[in-house]
There are 2 protein chains.
Amino acid sequence: MNIKGIAKLAGVSKATVSRVLNDSPLVTEDTRKKILEIIKRVDYLPNYLARSLKIKETKTIGVIVPDIGNPFYFEVLRGIEKVLDKKDFNIMLCNSDYNDKKELRYIYLLSSKKVDGIIVAPCSEESKGIENLLTWNIPFVTFDIPQTKLNTNSILVDHSQCSYIATKYLIESGHKNIVITDVFRHTKTKSKFILGYLKALGEHNIPVKQEFIQEASPDIVGGYNIIKKLITEKISFTGVITICDLLAVGVYKAVNKFNLKIPDDISVIGNDDIPLAKYLNPPLTTIHQPKYLLGLKSAKLLLSQIQNKNHNDIKVIKLDARLIKRCSVKRRIKNAS
Amino acid sequence: MNIKGIAKLAGVSKATVSRVLNDSPLVTEDTRKKILEIIKRVDYLPNYLARSLKIKETKTIGVIVPDIGNPFYFEVLRGIEKVLDKKDFNIMLCNSDYNDKKELRYIYLLSSKKVDGIIVAPCSEESKGIENLLTWNIPFVTFDIPQTKLNTNSILVDHSQCSYIATKYLIESGHKNIVITDVFRHTKTKSKFILGYLKALGEHNIPVKQEFIQEASPDIVGGYNIIKKLITEKISFTGVITICDLLAVGVYKAVNKFNLKIPDDISVIGNDDIPLAKYLNPPLTTIHQPKYLLGLKSAKLLLSQIQNKNHNDIKVIKLDARLIKRCSVKRRIKNAS
DNA sequence: ATGAAAGCGCTAACAC
DNA sequence: GTGTTAGCGCTTTCAT
């Protein structure tokens with residue numbers, strides 16, 4: 001059943017039916033009632049594809065994240081959903097799998113499906129997809145990963161600041177041999193996360209050891225494997241900083257496996273502060289990321305871009321992260337390594 | 001830019017452009033190349049709204065879950081995403097918030113947006129939205145919650161079996177005063193989860209106490225509040241079974257708060273086996289739900305429904321849950337309460 | 001207040 | 001192999 005059918009049944013024109021569907025005041029109460037009654041009776045469902053094609057608005061937003069299985073992104077998603085739902089937007093959710101090609105493909109797909117805007121956590125600092133969005137003039141905002149070459153609407157947390165705080169805390173707690181695990185980057189340049197670590201080390205005149213800088217897949221097994229590798233290679237360290245809490249969970253697992261204790265033998269600091277971090281054994285000391293807020297702000301910024309059509313003024317909002325001290329870091333005697 | 005514009009630039013008709021866009025063999029290599037070149041040069045993006053309107057297929061699936069913040073659902077979502085992505089479908093994600101009205105609204109919305117099918121975890125056993133899907137003849141599958149009045153395609157785990165296993169294990173470990181926390185149901189009839197508990201109690205001739213049967217919101221604070229209430233009301237119990245692991249985490253928190261110990265003072269069994277359950281302190285004994293599989297099977301079943309148009313043969317697939325014994329249950333001396 | 005008609009961007013007969 | 005044309009189901013201007 002379509003608008004034409006309803007019109008025929010009601011003995012009016014398509015235009016009139018369309019008007020009642022859109023709550024136009026230009027219809028008498030009588031005809032409105034009659035049409036509404038028929039609509040209900042025949043279970044009529046408007047076709048929003050046709051509508052969207054005409055009015056050039058779909059009321060749907062595309063969201064691209066690297067990994068829907070990571071609690072970090074889920075918390076962000078909750079924030080996004082919260083504001084979008086209130087404004088009657090739907091979310092088209094895409095999982096880029098930390099894969100540039102897949103991200104690009106989704107950007108094409110979402111654009112072709114005519115979403116009103118896109119929120120994306122890019123896989124890399126030079127996302128090809130983002131460039132396309134710019135040339136196609138599609139409203140979008142990025143979060144979490146800043147773009148080095150492009151100036152885009154974005155909600156960010158300074159990753160170098162996060163690792164800097166964590167490293168500094170470990171150093172001040174008497175640690176010198178500190179492992180840091182980043183996520184696989186597939187790039188030659190050092191990530192911001194590593195940069196903050198290096199900065200803290202430098203400020204305390206602690207020499208950098210290459211074998212302490214590791215990359216892993218951002219999940220539990222990734223963390224497990226790194227520690228297993230390090231221990232079997234007899235590389236000695238007393239602290240580890242992970243780029244996400246999931247990785248820290250893997251570290252816990254590996255440390256237990258080798259009959260070591262956290263924090264007595266190994267201290268660990270995570271990053272994210274996922275809901276369950278405080279319930280781990282021992283409770284995880286971590287850098288708290290404002291995940292929900294990240295989502296909330298991203299969605300709000302996007303909505304304002306869509307409404308104002310002010311494609312010119314780029315907004316970059318920086319959010320703060322902070323250290324949450326729990327029980328996975330041990331204070332060591334000075335000069336001990 | 002649209003297909004007409006490309007046609008003009010290439011000096012051909014819209015039909016020819018459409019043909020190359022759809023990889024039709026009915027185009028000479030020369031014209032194909034010329035058109036492809038122009039498409040690339042002008043950054044042309046096909047409009048899938050128009051396409052979908054015409055061919056009556058959107059390549060998008062709606063997914064409705066009660067709470068995207070619950071690890072249970074996002075594990076399911078991962079399974080769904082896995083199979084849908086492979087078949088080039090997009091996911092429109094909706095959060096019903098355990099709210100019937102919202103669920104119904106989303107079902108209308110998704111249907112109007114002409115998704116090719118819907119996967120839904122209904123909030124209740126008598127979802128009004130599902131009825132609509134049936135009358136509109138839209139392919140769909142439900143999971144997790146069975147519908148009492150309707151026969152629908154679904155992937156299920158027997159909830160009564162889950163609570164039965166958990167209760168039985170607790171009883172056999174010497175517990176008699178066992179609290180069970182269901183989720184708010186807003187219905188008069190007992191849920192399957194409570195039914196399984198009652199059955200196990202009955203089989204062991206343990207009298208039912210109404211104050212042991214509780215309802216909570218399915219999150220950490222929900223679990224916390226229940227235990228707090230019970231303890232301050234001086235109701236004594238030694239075991240608790242929660243309908244989801246998140247609730248169990250809240251129980252842990254409350255038990256600690258009152259300086260009690262798990263499992264020495266209180267034994268707890270969760271339900272779901274979320275990824276972090278084994279890393280809790282102590283590791284949570286829980287009923288493992290095949291979450292990922294639930295998603296995988298749901299998506300596959302939906303896809304087969306969409307392809308075959310066999311709207312007639314309803315498939316119900318039952319998956320098994322199993323008890324994962326970890327460390328949150330203590331064996332008690334017989335006859336102790 | 002209502003209707004006629006054009007058009008959103010695409011596909012698919014059908015004709016040549 | 002390519003073009004013409006008639007829709008898909010809706011909105012919206014312009015008449016009346």
Side-chain angles (χ1 to χ4, degrees), chain A residues 1-39 42-60 108-116 136-138, chain B residues 1-39 42-60 108-116 136-138:
Chain A
M1 180 54 70
N2 56 25
I3 228 179
K4 196 167 159 192
I6 302 289
K8 193 174 291 177
L9 284 176
V12 297
S13 75
K14 294 189 311 176
T16 307
V17 178
S18 175
R19 287 195 186 95
V20 345
L21 249 23
N22 292 290
D23 287 316
S24 159
L26 302 166
V27 196
T28 49
E29 263 320 295
D30 276 2
T31 44
R32 179 190 307 282
K33 271 211 184 103
K34 185 170 59 183
I35 291 170
L36 249 23
E37 189 269 321
I38 293 174
I39 284 176
V42 303
D43 265 320
Y44 165 72
L45 203 59
N47 184 328
Y48 282 2
L49 285 179
R51 179 166 206 272
S52 291
L53 177 61
K54 182 69 187 173
I55 68 174
K56 296 180 183 331
E57 174 190 274
T58 53
K59 283 284 187 183
T60 114
Y108 267 92
L109 206 54
L110 292 172
S111 303
S112 278
K113 287 193 176 174
K114 297 293 164 189
V115 295
D116 294 337
W136 292 328
N137 211 36
I138 294 172
Chain B
M1 179 56 67
N2 57 26
I3 227 178
K4 197 168 157 192
I6 302 288
K8 192 174 293 177
L9 284 176
V12 298
S13 74
K14 295 191 309 177
T16 307
V17 178
S18 174
R19 286 192 188 100
V20 344
L21 249 23
N22 292 290
D23 287 317
S24 159
L26 303 166
V27 197
T28 49
E29 262 320 294
D30 276 3
T31 44
R32 179 190 307 281
K33 271 210 183 104
K34 185 170 59 182
I35 291 171
L36 249 22
E37 189 270 320
I38 293 174
I39 284 176
V42 303
D43 264 320
Y44 165 73
L45 204 59
N47 185 327
Y48 283 3
L49 285 179
R51 178 166 206 273
S52 290
L53 177 59
K54 182 67 186 177
I55 69 174
K56 296 180 182 332
E57 173 189 276
T58 53
K59 283 283 188 182
T60 115
Y108 267 92
L109 207 52
L110 292 173
S111 303
S112 279
K113 288 193 174 175
K114 298 294 165 187
V115 295
D116 294 336
W136 291 327
N137 211 36
I138 293 172

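Note on naming: letters A, B, ... go to the chains in the order of the sequence lines (proteins, then strands), and numbering restarts at 1 for each one.
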S.K.: Could you check how far CG of Leu49(B) sits from C1' of dT11(D), rounded to whole Å?
M.R.: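 The answer, rounded to whole Å, is 14 Å.
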S.K.: Look at the side-chain N and O atoms of Thr31(B) and state whether any lies under 4.0 Å from the OP1 or OP2 oxygen of dT2(D).
M.R.: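 Looking at the OP1 and OP2 atoms of dT2(D), one of them is under 4.0 Å from a side-chain N or O of Thr31(B).
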S.K.: Met1(A) has an atom CE; how far is it from atom C1' of dG9(D), in whole Å?
M.R.: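 One finds 13 Å between C1' of dG9(D) and CE of Met1(A), rounded.
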S.K.: Are any of the side-chain heavy atoms of Arg19(A) and Thr16(A) separated by less than 4.5 Å?
M.R.: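 With C-beta onward as the side chain, the pair touches.
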S.K.: Is Ser13(B) close enough to dT2(D) that one of its side-chain N or O atoms is under 4.0 Å from OP1 or OP2 there?
M.R.: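 Looking at the OP1 and OP2 atoms of dT2(D), neither is under 4.0 Å from any side-chain N or O of Ser13(B).
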S.K.: Between Arg51(A) (side chain only) and Glu57(A) (backbone N and O only), is there a donor and an acceptor less than 3.5 Å apart?
M.R.: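 Not at all, since once roles are kept as given, no pair shorter than 3.5 Å links the two residues.
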S.K.: Is the side chain of Ser18(B) donor-acceptor paired with the backbone N or O of Lys14(B) at a distance under 3.5 Å, no angle test?
M.R.: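 No, the answer is negative, given that no donor and acceptor are paired below the 3.5 Å cut-off.
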S.K.: Please check: side-chain N/O of Ser112(B) versus main-chain N/O of Leu45(A), any donor-acceptor pairing under 3.5 Å?
M.R.: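 Absent.
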S.K.: Indicate, with a heavy-atom threshold strictly under 4.0 Å, whether Ser52(A) touches base, sugar-phosphate, or nothing.
M.R.: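 Contact class for Ser52(A): none.
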S.K.: Hey, does the side chain of Lys113(B) reach the backbone of Lys59(A) with a donor-acceptor pair shorter than 3.5 angstrom?
M.R.: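 At least one qualifying donor-acceptor pair exists.
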S.K.: Please give me the minimum heavy-atom distance between Pro25(B) and Arg32(B), naming the atom from each residue.
M.R.: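 That would be CA-NH2, 4.2 Å.
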S.K.: Categorize Thr16(A) for me: base, sugar-phosphate, or nothing, with a 4.0 angstrom heavy-atom threshold over every strand shown.
M.R.: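 Contact class for Thr16(A): sugar-phosphate only.
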S.K.: Which is the 5'-most and which the 3'-most nucleotide of DNA chain C that has an atom under 4.0 Å from a heavy atom of chain A?
M.R.: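 Contact boundaries, 5' end first: dA1(C) to dG9(C).
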S.K.: So does Lys4(B) get a backbone contact from the side chain of Asn2(B), meaning a donor-acceptor N/O pair under 3.5 Å?
M.R.: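 Yes.
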S.K.: Which angle, rounded to 10°, do you find between the first-five-pair axis and the last-five-pair axis of the helix from dA1(C)-dT16(D) to dC16(C)-dG1(D)?
M.R.: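 The two end axes of the helix from dA1(C)-dT16(D) to dC16(C)-dG1(D) meet at 40°.
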S.K.: Give the minimum heavy-atom separation between Met1(B) and Val42(B), together with the two atoms involved.
M.R.: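 Heavy atoms only, the tightest pair is CG-CG2, 4.1 Å.
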S.K.: Salt bridge or not between Lys34(A) and Glu37(A)? Use side-chain N to carboxylate O under 4.0 Å.
M.R.: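 Salt bridge flag = no for Glu37(A) with Lys34(A).
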S.K.: In whole Å, what is the span from the CD atom of Glu57(A) to the P atom of dT11(D)?
M.R.: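 Distance, rounded to whole Å: 12 Å.
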S.K.: Please tabulate the protein-to-nucleotide N/O contacts below 3.5 Å involving nucleotides 5-8 of chain D, giving atom names and distances.
M.R.:
unit_1: dG7(D); atom_1: N2; unit_2: Lys54(B); atom_2: NZ; d: 3.2
unit_1: dG7(D); atom_1: N3; unit_2: Lys54(B); atom_2: NZ; d: 3.2
unit_1: dC8(D); atom_1: O3'; unit_2: Lys56(B); atom_2: NZ; d: 3.0

S.K.: Check whether any side-chain N or O of Asn22(B) sits under 3.5 Å from a backbone N or O of Ser24(B) as a donor-acceptor pair, and report yes or no.
M.R.: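 Here the side-chain-to-backbone pair does not exist.
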S.K.: Rounded to whole Å, how long is the line connecting atom NZ of Lys34(B) with atom P of dG1(D)?
M.R.: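 From Lys34(B) NZ to dG1(D) P: 15 Å.
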S.K.: Can you measure Arg51(B) atom CZ to dG9(D) atom P for me and round it to whole angstrom units?
M.R.: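 That distance rounds to 17 Å.
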S.K.: So do the side chains of Tyr44(B) and Leu21(B) get within less than 4.5 Å of each other, counting heavy atoms only?
M.R.: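 In contact.
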S.K.: On the nucleotide dT11(D), are OP1 or OP2 found under 4.0 Å from the side-chain N or O atoms that Tyr48(A) carries?
M.R.: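 No, outside the criterion.
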